[in-house]
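First the proteins, then the strands, lettered A, B, ... as listed; each starts at 1.
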Protein chains: 2
Amino acid sequence: MVDLVIIGAGPAGITASVYAARKKMDFLVITRDIGGQAALSGDVENYTGYQFITGPELAEKFEEHMRKYKIKLKEDEEVINLEKINDEILIKTNQEDYKTKTVIIASGKRSKELGISGEKEFKNKGLTYCATCDAPLFAGKEVAVIGGGNSALDAVLQLLKIAKKIYLINNRLTLAGDLIMQEKIKQSEIVKIFNDAQIKEIFGDKMVNGIKIKKQNKEEILPVQGIFVEIGLIPNSEFIKYINKNKQGEIIVNCYNETNLPGIFAAGDVTNVPEKQIIIAAGEGAKAALGAFKYLARV
Amino acid sequence: MVDLVIIGAGPAGITASVYAARKKMDFLVITRDIGGQAALSGDVENYTGYQFITGPELAEKFEEHMRKYKIKLKEDEEVINLEKINDEILIKTNQEDYKTKTVIIASGKRSKELGISGEKEFKNKGLTYCATCDAPLFAGKEVAVIGGGNSALDAVLQLLKIAKKIYLINNRLTLAGDLIMQEKIKQSEIVKIFNDAQIKEIFGDKMVNGIKIKKQNKEEILPVQGIFVEIGLIPNSEFIKYINKNKQGEIIVNCYNETNLPGIFAAGDVTNVPEKQIIIAAGEGAKAALGAFKYLARV
């Protein structure tokens, strides 16, 4: 039985672990990967204190910061069930069972899928959910980016100096991402923006070679060899059933990062806190760790 | 009439300004100083991404980050009144009047005073509220640090290699700061900790030369040439009267950094959000700026 288990090691989980370590708590971190969505981000210019850093670089600094403390880190391990029975929180992973007094769920989000014909077939055969990981594979090629928020714009920016032609397929009337990113994109001659448009189908042979889009009842075929899906994220909250979530599946927390279950805290992208931002997730992780520390002092 | 005024340029205000700049908002920052309490901190080891940085260094990185964007910065300017009349927010400083649609109050906190005999007389004559600023002035001297939280422990740590003897006067039964800091302090032979003790009086000639403390009904005189007061902070919220505050004077915000007045947001140490931490204040500043941006899109 430990004092605290932190699930996830993105910006929220890592910050929580730094705070827990400095409070000398008896805790462990269980995580599938390190860095979370931050590690998959392109350029980060809004993490205060770093004017410019890439997502993977920032994630690496986070990881080093966490590893400075001798914490018990269970890597490549996935939580499959979490429940609270009386005063014990029971965690089952794909490898082991754990008991803890408190938990911080900082399991983040994962990419949403399109749910259209060809998506499963061409995954990793031209279709990707991670521009940071895969953009370099599409040098000199024609690609489509699906989405209109910051993640989609970030993908376009990463592709600007790599791809030959970029189609941005946005299903809203206007782009939603930061204006400063929109301006950079609009200045480029290789980007063609389709607003109010949907992707309907993905074609290919062994690899992707085209998509069908629909804009105002008109269908069009675009010859692309790459598809970057950036249409949003889904919270990794399936492993806990009996807890208050909103209809998106985000775990509902109050301003103290408490869930409706005493001793169970949540922080970062997996929660209903608005805005998926690294600096916000980090701050939430700190609050959750300090909250768990105070909770243990009371019980 | 601008879209947004940010009051204060500590971690919350600076992060809000970075986010507002990236959203291309028409805004200005009014502030008495830059860096806030972060600039007065000693060593910072819990700002995720920087394993170790001094408070002034981190504040400088924040300032550079903010100045990367060409923002309208009103420095050395103090807000003396803020009120909302109909849909306009009117701000009066010691220099000018401003009108804005939204405001983010990120004016932080200032040091609490002891309220005892000799305090006003010996301020800056041996008595200080800023260890980071003044510790180096007390090389080889005997000093007292008043308080028991992280700020007091931080002051002791800063003085460890400078002072000859450090008395830590804590009015609680045990220290409240991080255990990792407590351990470092307890290992030192020059620190003497008085728990459950109060400082009653400050003596001196031109400069401080002693204090009277009381512990369990026993009074004692300690011969010190320096006094570092670290007993807490007061929110800088006096300039706004008609807004919901708690009894400490902190502005009450919800999880979206909204106050009870539409268009008026608050972030960081001036609010009721628990834990005065740089990473938390920064996250709150980002949330407030994105909140103000969305508010303007709706009205």
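The contact between A:Glu284 and chain B is made entirely by side chain atoms (from C-beta outward), counting heavy-atom distances below 4.5 Å. Contact annotation for A:Glu183: only side-chain heavy atoms (C-beta onward) come within less than 4.5 Å of a heavy atom of chain B.
Aromatic ring orientation, A:Tyr50 versus B:Tyr50: parallel (interplanar angle below 30°, classes split at 30° and 60°).
Ranked by heavy-atom pairs under 4.5 Å with chain B, the first of A:Asn272, A:Val18, A:Thr15 is A:Thr15. Ranked by heavy-atom pairs under 4.5 Å with chain B, the list A:Lys61, A:Lys287, A:His65 is led by A:His65. Contact count versus chain B (heavy atoms, under 4.5 Å) is highest, among A:Pro274, A:Gly291, A:Gly285, for A:Pro274.
Taking the six-membered ring wherever Trp is involved, the centroid distance between the rings of B:Tyr47 and B:Phe62 falls below 6.0 Å.
Between B:Lys276 and B:Glu250, at least one side-chain nitrogen of the basic residue sits less than 4.0 Å from a carboxylate oxygen of the acidic one, meeting the salt-bridge criterion.
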Problem - A:Asp154 and A:Gln158: CA distance, side-chain angles, deciding distance, side-chain hydrogen bond (donor to acceptor under 3.5 Å, both in side chains) verdict - result: CA-CA 6 Å; A:Asp154 181 52; A:Gln158 290 190 58; 3.1 Å; yes

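Heavy atoms of other residues, nucleotides or ligands lying less than 6.0 angstrom from NZ of A:Lys23 number more than 12.
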